[in-house]
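First comes the structure, then the notes that go with it.
Whatever order the structure lists them in is the order used to number ligands and atoms, beginning at 1. Since this is a predicted model, take the numbers as computed values, not measurements. Position 1 is the first residue of the sequence; numbering continues from there. Every heavy atom of this structure was used, including side-chain atoms; hydrogens, water molecules and symmetry mates were not.
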Amino acid sequence: MNAIACQVVSIEALTPVVHKVLLAPSAPVTFTAGQYLQICITTTDKRPFSIASTPDQSLLELHIGTPEGDAWSSAAMSHLQQQHALAAPVQVEVGLGKAQWLAGSDRPVILMAGGTGFSYVYSIAMAIAAAKQDKPVFLYWGVRSEDALYYQAELEQWATDHPMFHFIPVVQHPASSWTGRTGLVHEAVLSDFTSLAAYDIYLAGPFAMAGVARTAFLAQGAQREQLFADAFAYI
Ligand SMILES: Cc1cc2nc3c(=O)[nH]c(=O)nc-3n(C[C@H](O)[C@H](O)[C@H](O)COP(=O)(O)OP(=O)(O)OC[C@H]3O[C@@H](n4cnc5c(N)ncnc54)[C@H](O)[C@@H]3O)c2cc1C
């Protein structure tokens with residue numbers, strides 16, 4: 001795949017460890033909601049990040065988490081910051097992955113994110129909304145602590161405005177003031193649906209989460225060909 005030069009338009013902190021990065025491609029790019037891109041640090045060192053924006057938007061939006069000890073994402077983030085400071089472009093490969101949104105499906109949708117896996121499900125949720133598809137969408141977002149829910153207000157507003165859209169944040173280690181769902185995010189999905197057979201299910205997050213969710217969801221009726229995650233290619 002050919003890389004395309006992108007200017008780093010902005011880097012903004014969403015939380016102490018997650019940054020929103022906006023990239024302006026030097027030429028139009030093609031991708032489907034739910035696909036990812038690779039930041040080419042060198043011609044051989046490439047790091048994948050889900051595209052949070054949708055194909056009709058001119059800028060590519062990324063959500064990059066750099067928790068302490070995570071050298072893998074931090075190297076990509078340092079490269080982006082360095083190029084931004086120099087006003088120099090980064091090389092990016094766009095339109096990768098097989099877990100993209102199936103626009104033609106009539107089935108209701110479960111979107112499940114762990115942490116920054118949110119980027120992936122956000123793009124798909126926006127694409128469904130833009131297509132004005134009148135079907136139930138359940139977006140589960142699992143985080144370790146409430147302060148990681150960086151788009152919570154927007155999603156709650158979305159759920160208020162669209163009766164078919166349901167937003168379920170799930171906090172693993174809640175503060176005493178948290179009144180919402182708690183525990184692991186895939187367990188919240190399992191407890192809400194007796195059978196997952198009727199749903200298209202898209203998920204992204206830590207590989208360990210993707211692994212346990214795949215096993216548990218298949219056992220609860222999910223259809224293998226309706227279960228999508230690019231993490232499956234890595235585990
Ligand atoms: C194709 C691809 C795209 C990627 N895109 C991005 C991206 O856009 N941004 C980015 O920062 N990284 C990306 N990565 C890297 C990787 O997926 C992330 O580092 C990872 O999702 C980060 O999760 P987190 O630390 O935010 O989640 P955490 O804070 O570790 O976990 C969030 C929640 O996930 C669940 N969970 C976590 N661990 C487990 C477990 N062992 N069992 C069950 N549930 C668990 C829990 O509900 C937990 O609260 C990508 C990787 C690939 C291969």
If you take all heavy atoms of C40 and K46, which pair is closest and at what distance?
SG-CG, 4.0 Å
Roughly how far apart are M77 CE and I39 CD1, rounded to 0.5 Å?
9.5 Å
Is there a nitrogen or oxygen of D70 sitting under 3.5 Å from a nitrogen or oxygen of ligand 1?
no
Ligand 1 versus Q172: contacting region, heavy-atom distance under 4.0 Å:
side chain
Starting from atom 8 (O) of ligand 1, which protein heavy atom do you reach first, and at what distance in Å?
S50 N, 3.0 Å
Counting both backbone and side chain atoms, is some N or O of I64 under 3.5 Å from an N or O of ligand 1?
no
Give me the residue, atom name and distance of the protein heavy atom closest to atom 32 (C) of ligand 1.
G115 N, 3.4 Å
Could you tell me whether some N/O pair between M209 and ligand 1 is separated by less than 3.5 angstrom?
no
Hey, which atoms in ligand 1 end up nearer than 4.0 Å to a heavy atom of V143?
49 (O)
Short list, please: which atoms of ligand 1 are under 4.0 Å from a heavy atom of V185?
47 (O)
From CG (D70) to CD (E68), nearest 0.5 Å:
11.0 Å
Any chance you could measure L37, atom CG, to C6, atom SG, to the nearest 0.5 Å?
7.5 Å
Using distance alone, determine whether T116 and ligand 1 share an N or O pair under 3.5 Å.
yes
Parallel, tilted or perpendicular for F217 and H186, by the 30°/60° rule?
tilted
Do you know which two heavy atoms are closest between S53 and F31, and how far apart they sit?
O-CE1, 3.8 Å
Can you confirm, on distance only, whether ligand 1 has an N/O atom lying under 3.5 Å from any N/O atom belonging to G65?
yes
Is atom 3 (C) of ligand 1 less than 4.0 angstrom from at least one protein heavy atom?
yes
Closest non-hydrogen atom pair, T54 against M126:
CG2-CB, 3.7 Å
is_close_aromatic(Y150, F118), centroid dist under 6.0 Å:
yes
Please determine if W72 has a nitrogen or oxygen closer than 3.5 Å to a nitrogen or oxygen of ligand 1.
no
Nearest non-hydrogen protein atom, atom 25 (O) of ligand 1:
P67 CG, 4.6 Å
Closest heavy-atom pair and its distance - S58, P25
O-CD, 3.5 Å
Is Y36 linked to L227 within one hydrophobic cluster, defined over Ile, Leu, Val, Met, Phe, Trp and Tyr using a side-chain heavy-atom separation of less than 4.5 Å?
yes
Need the ligand 1 atom indices (1-based, order shown) with element for anything under 4.0 Å from a heavy-atom of G114.
32 (C), 33 (C), 34 (O)
Looking at ligand 1, does P206 have a heavy atom less than 4.0 Å from it?
yes
If we ignore angles and hydrogens, is there a donor and acceptor under 3.5 Å between the side chains of D230 and Y120?
no
My understanding is that we take every heavy atom of each candidate and find the minimum distance to atom 13 (C) of ligand 1. Doing that for F232, Y36, Y120, F49, which one comes out nearest?
F49
Who's the nearest protein heavy-atom neighbour of atom 33 (C) of ligand 1, and how far?
G142 O, 3.5 Å
Can you find an N or O of V212 that's nearer than 3.5 Å to an N or O of ligand 1?
no
Between F49 and H63, does the ring centroid distance fall short of 6.0 Å?
no
Kindly identify the option in M112, R144, H63, H186 whose heavy atom sits closest to atom 9 (N) of ligand 1.
H63
In short, G115 meets W141 closest at the heavy-atom pair O-NE1, 3.0 Å
4.0 Å heavy-atom contact, G205 with ligand 1:
yes
Test of understanding: given a 4.0 Å heavy-atom threshold, classify the contact between V18 and ligand 1 as side chain, backbone, both, or neither.
neither
How far is atom 41 (N) of ligand 1 from its nearest protein heavy atom, and which residue and atom is that?
A208 CB, 3.3 Å
Can a cation-pi geometry be assigned to R107 and Y199, taking NZ or CZ under 6.0 Å from the six-membered ring centre and within 45° of the ring axis?
no
Which atom of G65 lies closest to which atom of S73, heavy atoms considered
O-CB, 3.1 Å
Per-atom contacts, ligand 1 versus F207 - under 4.0 Å to a heavy atom:
53 (C)
Among all protein heavy atoms, pick the one closest to atom 14 (N) of ligand 1 and tell me residue, atom and distance.
P48 O, 4.1 Å
Check whether any protein heavy atom sits under 4.0 Å from atom 17 (O) of ligand 1.
yes
